[in-house]
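Remember, predicted model here, so these are calculated numbers, not experimental data. Hydrogens, waters and symmetry mates play no part in the numbers below; they use all other heavy atoms, side chains included. Chain A is the first sequence line, chain B the second, and so forth, proteins listed ahead of strands; every chain is numbered from 1.
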2 protein chains.
Amino acid sequence: MIPATVRQPLSRERILVAAVGLADAYGISAVTMRRIGEALDCEAMSLYYYVESKGALVAGLAEQVIGEVVAATAADPPGATGWRELVLGRCLLARSVMLRHPWAPQVIMSLPEAPTVTYAIYEQLVGTLVDAGFTYELAHRAIHALGSMVLGFTQELFEPADGSAPTMTVDQMQAMTETMPHLAALATPDIHGTEGSLSTCDTQAEFEFTLGLLLDGLDRARA
Amino acid sequence: MIPATVRQPLSRERILVAAVGLADAYGISAVTMRRIGEALDCEAMSLYYYVESKGALVAGLAEQVIGEVVAATAADPPGATGWRELVLGRCLLARSVMLRHPWAPQVIMSLPEAPTVTYAIYEQLVGTLVDAGFTYELAHRAIHALGSMVLGFTQELFEPADGSAPTMTVDQMQAMTETMPHLAALATPDIHGTEGSLSTCDTQAEFEFTLGLLLDGLDRARA
DNA sequence: ACCTGAACACCGTTCAAGT
DNA sequence: ACCTGAACACCGTTCAAGT
């Protein structure tokens with residue numbers, strides 16, 4: 001009697017999950033009331049029964065992603081020793097979540113206020129730091145420094161997102177060697193002792209390096 | 001014979017300036033082909049004669065802002081001694097430009113490729129660093145670290161954008177003291193030797209502190 | 001060469017109406 | 001209680017047509 005595919009009732013949760021799926025698959029611009037409706041086999045207007053507005057839906061997206069971070073970082077690894085290791089591990093996990101949802105940092109930073117879940121992360125972080133001898137003042141600064149790293153480092157500024165075809169012709173390369181010698185050196189293998197650090201840019205390594213600088217600096221400021 | 005207000009001819013430049021003005025005054029969402037047309041006293045469709053698409057226009061916005069950074073940082077202060085002082089000064093100037101255009105970091109990071117003007121900034125930075133004994137490898141990392149700071153630190157994650165009314169009732173505050181003691185301490189004046197570092201959050205000081213950590217770290221890595 | 005009117009597909013959102 | 005049709009104001013964009 002029950003048809004093969006019963007249409008599940010809508011819910012805020014189902015809507016948010018569908019929206020995250022759309023964003024992951026087609027980018028944040030595909031997150032549209034009408035397309036969410038399509039994905040859930042209902043009309044766009046039905047969503048307004050569960051979600052106040054598009055803005056509230058977008059805030060829900062951020063909530064969803066930050067919830068993933070909370071879930072991933074709730075339990076510290078058993079063998080962890082010291083605050084540095086703990087915080088480093090959590091930052092790397094948080095980043096891995098952001099990499100799964102490249103649209104998320106933008107969305108999170110565009111919100112007028114941080115979703116409530118965020119406080120759980122901060123509470124945990126401040127706890128760890130204060131236990132390790134940080135003042136609250138310094139812990140507060142650590143929040144800003146680490147938060148802006150996790151959210152700000154995903155986007156790439158320099159190289160083409162693809163890393164695929166060289167966008168430069170030989171002529172352009174030639175001109176660049178004259179007008180911008182240092183960048184040319186940076187982009188050219190086997191010069192100045194680099195192997196072309198531009199072309200082989202490993203963003204993950206960059207992230208870990210910069211994060212290391214920050215953690216070292218915080219450790220020094222602690223003493 | 002010439003009427004009091006001659007309608008200036010359109011140009012890419014005029015369009016971009018008008019768009020930046022709209023974004024500064026009403027936010028990036030107000031940057032609309034139709035509203036730009038209104039501001040320039042022409043029809044939205046006319047813009048397409050000078051601008052390929054909305055995407056190209058947005059790229060132009062980023063170009064405009066990065067151009068401001070280039071202009072602000074082209075000449076180093078006469079009395080500057082050493083790379084740290086030079087780079088610190090440029091980062092602070094770059095940040096001040098971003099603060100004048102709060103929509104800019106989002107826009108810049110959303111681009112598939114960095115505008116060409118950006119290379120001028122990187123060339124200058126790499127030059128300064130290599131002259132100071134940085135390897136190209138390390139200079140590359142500095143680009144990432146500093147770039148993500150300048151673009152990522154504008155957005156606030158924690159406190160309400162306003163800093164105005166307390167969004168929390170006394171009850172909520174009470175509950176927070178129990179479930180999130182550390183954040184409660186962070187938010188409460190005269191506890192644990194802080195004067196309520198949350199309420200008195202000075203983002204500029206936070207930025208300079210974190211930037212200092214990075215510069216110190218880079219200096220150590222140089223040696 | 002430069003600008004516009006008309007038209008299209010697509011948005012978010014409201015609200016009265018259906019079940 | 002939950003969902004929808006019709007309608008509105010607003011998008012980006014194309015293209016033939018005006019000057």
Q: Can you sort out which residues in residues 38-49 of chain A have a heavy atom within less than 4.0 Å of DNA chain C? Ascending by number, please.
A: A:M45, A:Y48
Q. Any luck finding a side-chain donor-acceptor pair between A:H101 and A:E68 under 3.5 Å?
A. yes
Q: Output yes when a side-chain donor or acceptor of A:R12 lies under 3.5 Å from a complementary backbone atom of A:G60, and no otherwise.
A: no
To the nearest Å, how far apart are [X] [atom1] and [N] [atom2]?
X: B:I28; N: D:dC11; atom1: CD1; atom2: P; result: 13 Å
X: B:Y26; N: D:dC11; atom1: OH; atom2: P; result: 14 Å
X: B:L57; N: D:dT13; atom1: CG; atom2: C1'; result: 14 Å
X: B:L10; N: C:dT4; atom1: CG; atom2: C1'; result: 12 Å
X: A:M33; N: D:dC10; atom1: CE; atom2: P; result: 19 Å
X: B:I15; N: D:dG12; atom1: CD1; atom2: P; result: 13 Å
X: B:K54; N: C:dC11; atom1: NZ; atom2: P; result: 14 Å

Q) So is A:R95 actually on top of A:F153's ring, under 6.0 Å and inside 45° of the axis? A)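 Here A:R95 fails the 6.0 Å and 45° test against A:F153.
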Q: Kindly indicate whether a cation-pi arrangement holds for A:R35 with A:Y26, taking the cut-offs as under 6.0 Å to the six-membered ring centre and within 45° of the axis.
A: yes
Q: Counting heavy atoms from C-beta on, name the nucleotide in C:dC3, D:dG12, D:dA7 closest to the side chain of A:R34.
A: D:dA7
Q: State whether B:T32 places a side-chain N or O below 4.0 Å from either non-bridging phosphate oxygen (OP1 or OP2) of D:dG12.
A: yes
(Q) Please name the nucleotide paired to C:dT14 by Watson-Crick or G-U wobble geometry with both distances under 3.5 Å, or report none. (A)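 Across all strands, the one nucleotide that pairs with C:dT14 is D:dA6.
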